[in-house]
Undergrad: 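Sharing a structure here in structure tokens format.
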Amino acid sequence: MRKRIFMLMMTIVICRSAVAIPADTITLSLKEVVAMAKTNSIAAKQAITTKETKYWEWRTFRANYQPQLSLQGILPGYTKTYTQVQQPNGTILFQPVHNDNSSLTLNFSQSIAATGGTIYGTTQLQRFDDFDRNNVLYNGIPYGIGYTQPLLQFNSLKWDKKIEPLKFDESKQAFIETQEKIAVTVTEYFFDLLLAQVNLSIAETNFGNTQGILTIAETKFELGKISKNEILQLQLEVLNAKKAVGTANRDVEIATLNLRSYAGISGDEKLKLNMPDVVGKMTVAADKVLEEAFENRSDAIAFVRRLAEARRDVAKAKGENGLTATLRANLGYSNASTRIFDVYRSPKNQQAIELQLSIPIMDWGRSKSRTKTALANEQFITYTVEQDKQTFKQQIVTQVTLFNMMKEQILLTDAAEKIAAEKYKIASERYILGNLSITDLSIAFQENDRAKRDYVSSLRDFWAAYYQLRYLSLYDFEQNKKITYS
């Protein structure tokens, strides 16, 4: 009888992990899920859109430093009306006007970033048709060239040339960070589902085992070897195990929905997640992570950019101190004639130069206040950036420490799981032999389940720390190279 009970027990406690995977199930690893999320998730598509937006903003900035060519015209400029005309004696007469005043102008301009000035050229042709008098007149500027130079003013072109490239580089690194942040987030969803599947497997195994143990216990009860109270306890265990299966199924459905939604996994197939391995040979040093982070992260570029913007604001406050002066000079040729080609024959020289000034006499310290405010803000940003650098460094050092601790933690939880499994096996055998109480067997059940969950949780912490480390440094420590995306 004892041998029959023992064989029945061993058949019941066989792990159900060897059950064949249904045909409508797809099996995924952590790296496959991460790759799917980086391609299909809404967050990935938003990152690509943001990247394109920043690229075209950069192209717009570059265009400001390229030559500009524009064509302007009035075609036609037809007028037929009455207009007031003041007579020599001061009276007003309304005279009929019937004409067409058309013109075309081709302008060229080129900004000079070093000085903030603009060099420009123009050519113009104007035709005036007086229909009342049957006259045609032409006026034109065959060519003209000029230069406009603000004096003692803020040069936005020069500062933009320093700051905008930093913004563009910052946006490129921010795109890589977004991709790595997706990996951090989807890892959480992955392990939510993996833990739910492990819990379901444990619940189903425990339900089957408790049912089997109850069957054995009923046989032992018939033989008078156990009490009615122990039978009732096992019946309660079976009910609780069945409830646990229902709860675990619900958790699996919720976790599956969350993972599919975030990672953009389409289809109706069930998901089966593989238990990820540990990157055991990978070593991470804090100095290396800090070096890569300050080379690769957008935050590091932002530190430089924020200081440059503060200095720009000081220069702007000093340049906009109320005194404005603009020098304009141009030279060229112009002519007028009743025939179009005569405009271009022997044109007359034209020259112009002017200096416009605006000098505040009394502004009650407004300009000085703006400058002092900008200087104080520059100092504040300098301190803030320095603090942010320290926080940035500390975050990285802490993450490296956590990652190395997680590697050790996994070894401990792995050993604990093996011990708990062996202990559970021995407890099951002892219960069959009749020298272990149902309470001790339940404790062995619980310890075995907890050890399995702890191992999955330690894996979760390890891979979360791993992808967080990639995110903070933008460096692939498995392949020892910088992370890039096309």
Side-chain angles (χ1 to χ4, degrees), residues 2 4-22 25 191-223 225-258 270-273 275 413-414 416-460:
R2 177 177 294 182
R4 184 174 66 84
I5 294 175
F6 181 80
M7 293 302 295
L8 178 61
M9 183 63 185
M10 290 299 99
T11 302
I12 292 170
V13 298
I14 291 175
C15 179
R16 302 190 177 194
S17 61
V19 176
I21 298 174
T25 299
F191 278 100
D192 283 345
L193 178 54
L194 180 62
L195 184 58
Q197 290 180 346
V198 169
N199 285 336
L200 177 59
S201 176
I202 290 172
E204 290 175 341
T205 301
N206 287 347
F207 179 57
N209 289 347
T210 51
Q211 282 184 314
I213 291 173
L214 177 59
T215 302
I216 295 172
E218 288 172 345
T219 302
K220 295 171 72 175
F221 177 72
E222 292 173 359
L223 298 174
K225 294 185 177 182
I226 62 174
S227 65
K228 179 66 174 179
N229 185 61
E230 193 164 341
I231 292 292
L232 293 176
Q233 178 65 33
L234 282 171
Q235 289 175 346
L236 182 60
E237 292 284 348
V238 170
L239 291 175
N240 289 334
K242 189 173 183 180
K243 285 173 56 180
V245 171
T247 301
N249 271 311
R250 180 202 63 189
D251 292 343
V252 166
E253 291 299 322
I254 294 173
T256 301
L257 177 62
N258 291 338
K270 293 183 179 180
L271 302 182
K272 177 69 174 68
L273 302 184
M275 193 79 69
T413 54
D414 183 40
E417 183 192 14
K418 292 176 180 177
I419 292 173
E422 182 67 20
K423 184 178 178 182
Y424 167 65
K425 180 181 178 182
I426 294 173
S428 300
E429 294 173 354
R430 287 183 61 191
Y431 179 77
I432 295 172
L433 297 174
N435 57 359
L436 188 72
S437 68
I438 186 62
T439 302
D440 291 334
L441 180 62
S442 296
I443 292 173
F445 268 169
Q446 295 169 9
E447 289 179 345
N448 186 45
D449 295 349
R450 184 166 57 250
K452 291 180 183 297
R453 294 187 182 99
D454 287 347
Y455 179 70
V456 176
S457 295
S458 65
L459 273 178
R460 179 191 201 128

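The figures here come from the full heavy-atom set of this structure, side chains too, leaving out hydrogens, waters and symmetry mates. Remember, it's a predicted structure, so these values are computed and weren't measured experimentally.
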Undergrad: Holding to side-chain hydrogen bond (donor to acceptor under 3.5 Å, both in side chains), I want the full list of residues that pass it with Asp251, two or more places apart in sequence or in another chain.
TA: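 Asp251 satisfies side-chain hydrogen bond (donor to acceptor under 3.5 Å, both in side chains) with no other residue.
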Undergrad: Would you sort out whether Leu193 and Val252 count as a side chain to side chain contact (heavy atoms under 4.5 Å, CB included), showing the intermediate values?
TA: CA-CA 6 Å; Leu193 178 54; Val252 166; 4.2 Å; yes
Undergrad: What I'd like to find out is whether the side chain of Asn199 reaches to under 4.5 Å of the side chain of Arg453, using heavy atoms alone.
TA: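 A side-chain contact under 4.5 Å exists here.
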Undergrad: Could you check if a side-chain atom of Leu200 sits within less than 4.5 angstrom of a side-chain atom of Glu204, using non-hydrogen atoms only?
TA: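 The answer is yes; the side chains approach within 4.5 Å.
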Undergrad: Any non-hydrogen side-chain atom of Val456 less than 4.5 Å from a side-chain atom of Lys452?
TA: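 When only atoms from C-beta onward are counted, Lys452 and Val456 do not touch, as no gap falls below 4.5 Å.
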Undergrad: Do Met275 and Leu194 pass the side chain to side chain contact (heavy atoms under 4.5 Å, CB included) test, and can you show the C-alpha distance, the side-chain angles, and the key distance before you say yes or no?
TA: CA-CA 8 Å; Met275 193 79 69; Leu194 180 62; 3.7 Å; yes
Undergrad: Residues in salt bridge (charged side-chain N to carboxylate O under 4.0 Å, His left out) with Lys418, at least two apart?
TA: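 Salt bridge (charged side-chain N to carboxylate O under 4.0 Å, His left out) check on Lys418 returns Asp414.
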Undergrad: If you measure from CD1 on Ile254 to CG on Asn258, what distance do you get to the nearest 0.5 Å?
TA: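 Reported value, rounded in 0.5 Å steps: 7.5 Å.
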Undergrad: Less than 4.5 Å apart, any side-chain heavy atom of Lys242 and any of Val245?
TA: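 When only atoms from C-beta onward are counted, Val245 and Lys242 do not touch, as no gap falls below 4.5 Å.
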Undergrad: Quick one: are Glu417 and Asp454 in side-chain contact, heavy atoms under 4.5 Å?
TA: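 With C-beta onward as the side chain, the pair stays apart.
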Undergrad: Any side-chain heavy atom of Arg460 within less than 4.5 Å of one from Asp192?
TA: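 Arg460 vs Asp192: side chains touch.
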Undergrad: Main chain of Ser201, side chain of Thr205: is a donor-acceptor contact present, judged purely on distance under 3.5 Å?
TA: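 Here the side-chain-to-backbone pair exists.
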Undergrad: Can you measure from CD (Gln197) to CG (Leu273) and round to the nearest 0.5 angstrom?
TA: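 With rounding to 0.5 Å, CD (Gln197) is 4.5 Å from CG (Leu273).
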Undergrad: If you round to the nearest 0.5 Å, how far is NZ of Lys270 from CD of Glu253?
TA: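 Between atom CD of Glu253 and atom NZ of Lys270 there are 7.0 Å.
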Undergrad: Which atoms form the tightest heavy-atom contact between Ala248 and Ala203, and what is the distance?
TA: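 Shortest heavy-atom contact: CB-CB, 4.3 Å.
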Undergrad: I need the Glu237 CD to Phe207 CZ distance, nearest 0.5 Å.
TA: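 CZ of Phe207 is found 12.5 Å from CD of Glu237.
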Undergrad: Going by the rule side-chain hydrogen bond (donor to acceptor under 3.5 Å, both in side chains), which residues pair with Thr413 if we only count those two or more places apart in sequence or in a different chain?
TA: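 Thr413 satisfies side-chain hydrogen bond (donor to acceptor under 3.5 Å, both in side chains) with Ser458 only.
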Undergrad: Which residue is it: Leu239, Val238, Leu232? I am looking for the one with a side-chain contact (heavy atoms from CB on, under 4.5 Å) to Gln235.
TA: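 So, applying the side-chain contact (heavy atoms from CB on, under 4.5 Å) to Gln235 and each of Leu239, Val238, Leu232, only Leu232 qualifies.
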Undergrad: Would you give the length of the straight line joining atom OG1 of Thr25 to atom NZ of Lys272, rounded to the nearest 0.5 angstrom?
TA: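 Result: 9.5 Å between the selected atoms.
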